[in-house]
Amino acid sequence: MEHIADTIRKLKKEKNAVILAHYYQNLEVQKVADYVGDSFGLAKEAMEAKEDIIVFCGVHFMAESAKILNPDKKVLLPVPSAGCPMADMVTRQDVLALKDRYPQAAAVCYVNSSAEVKGVCDIACTSSNAVKVVAGLPNRQIIFVPDQNLGSYVAGRLPEKEFIPFTGFCPTHHRITVQELLEAKKAHPGAPVLVHPECEKQVTDLADFAGSTKQIIDYTLESDQKEFIIGTEMGVVDYLKDIQPEKTYHVMSQRLICPDMKKTGLEEVLHVLRTEENEVVMEPQLIHDAYQCLTRMMELS
Ligand code: 13P
Ligand code: SF4
């Protein structure tokens, strides 16, 4: 494994490439990345990247956003089938129908959505900035796609807004139950419960903190507590054990694994660096349409 990692590091320099990885990636992949982050941090890094090639270790909508924000770069997604099932739950037609029905509403899309959807939305958001983004909009009515759980989390914090929710959800976070949370609390009394807002409202309501992957990580770094219950994908626990081994992390459920995020291994990273295959290719018009939606979010954050 170390041999592959060394080859990747060497090739990355030779080809003037940068490797970006999400916290949910396998730890071996996180270790060869130049930057590991949440969706917002990764989008910002991609937008500011100076290298010729961006190897995006994550899922498709993330690599697509990198291409939209920095279209002159070659963006490579090591495993093209690594998608986000939640992003596939909403279509451009769904958004257009909602806009027809609620003409006064602003259309907000979670960044976990396709470029086609972004192209017809007013602004994007991530889990780290969703409340700020929606609060900053002049419209009272808010169409929020695709995540029903992030939507209700934001709606709960902004009672002055009227939310028109959608039905999408993250299969990994949505399956976490209140019972699992209560069992984890019982097993580890006193440990704060930190969850992702993609969990159901009943779960988020019982947590001590809800936030993006980076915000969860920062909570543990800034806290005096020594033990935490983590309600997001396992990769965050792997990351935390690696950077802060003196503290203890209990994953709320063994089912907190995103199969798409776990498709990428070192072999796939090396393969795309060598061959430059699996490039994210998009029509210029699609990039143009989706650009505004993402850059407005960047400006408001
Ligand atoms: P973050 O922006 O919190 O990293 O979330 C990305 C994601 O896909 C969560 O499931
Ligand atoms: Fe999509 Fe959920 Fe996987 Fe995140 S964890 S990429 S929202 S399926």
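This structure is a prediction, so every number in the text was calculated from the model and none was measured. For reference, positions follow the sequence shown, starting with 1. These numbers come from the heavy atoms of this one structure, side chains and all, not from hydrogens, waters or symmetry mates. Ligands are counted one by one from 1 in listed order, and the atoms in each one are counted from 1 as well.
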Please check if the number of heavy atoms outside Glu222 that lie under 6.0 Å from its CD is greater than 12.
yes
Do Ile243 and Leu221 have side chains that approach each other closer than 4.5 Å (heavy atoms only, starting at C-beta)?
yes
Mind checking the CG-OH spacing from Leu20 to Tyr35? Nearest 0.5 Å is all I need.
8.5 Å
Quick one: CD1 on Ile8 to CD on Glu267, what's the gap to the nearest 0.5 Å?
8.0 Å
Is it true that the side chains of His250 and His188 contain a donor and an acceptor less than 3.5 Å apart?
yes
Contact check, Asp260 vs ligand 2, heavy-atom distance below 4.0 Å
no
Nearest protein heavy atom with distance in Å, relative to atom 8 (O) of ligand 1
Asn112 ND2, 3.2 Å
Among all the protein's non-hydrogen atoms, which is closest to atom 3 (Fe) of ligand 2, and how far away is it?
Cys258 SG, 2.4 Å
Ser39-ligand 1 polar pair, N/O distance under 3.5 Å
yes
Using 2.8 Å as a strict upper limit, say whether an N, O or S atom of Cys170 approaches atom 2 (Fe) of ligand 2 that closely.
yes
Answer yes or no for His22: is there a heavy-atom contact with ligand 1 below 4.0 Å?
yes
Sub-3.5 Å N/O-N/O distance, Ser127 and ligand 1
yes
For ligand 2, note which part of Glu233 has a heavy atom under 4.0 Å away: side chain, backbone, both or neither.
neither
For atom 1 (Fe) of ligand 2, what is the nearest protein heavy atom, given as residue, atom name and distance?
Cys84 SG, 2.4 Å
At the 4.0 Å heavy-atom cut-off, does Tyr23 count as touching ligand 1?
no
Using 30° and 60° as the class limits, which term best fits the ring planes of Phe228 and Tyr249: parallel, tilted or perpendicular?
parallel
Would one find more than 12 heavy atoms of other residues, nucleotides or ligands at under 6.0 Å from atom NZ of Lys201?
no
Answer yes or no: does an N/O atom from Ser212 fall short of 3.5 Å to an N/O atom of ligand 1?
no
So if I count the atoms of ligand 2 from 1 in the order they appear, which ones are less than 4.0 Å from some heavy atom of Asn112?
7 (S)
Roughly how far apart are Met234 CE and Lys262 NZ, rounded to 0.5 Å?
8.0 Å
Side chains of Thr172 and Glu233: any donor to acceptor distance under 3.5 Å?
no
Check each atom of ligand 2 against the heavy atoms of Met86 and keep those under 4.0 Å away; list them by number with element.
7 (S)
Keeping Lys161 on the side-chain end and Asn139 on the backbone end, is there a donor-acceptor pair under 3.5 Å?
yes
What is the nearest protein non-hydrogen atom to atom 8 (S) of ligand 2, stated with its residue, atom name and distance?
Pro85 CD, 3.4 Å
Give the atom numbers and elements of ligand 2 that come within less than 4.0 Å of a heavy atom of Glu198.
2 (Fe), 7 (S)
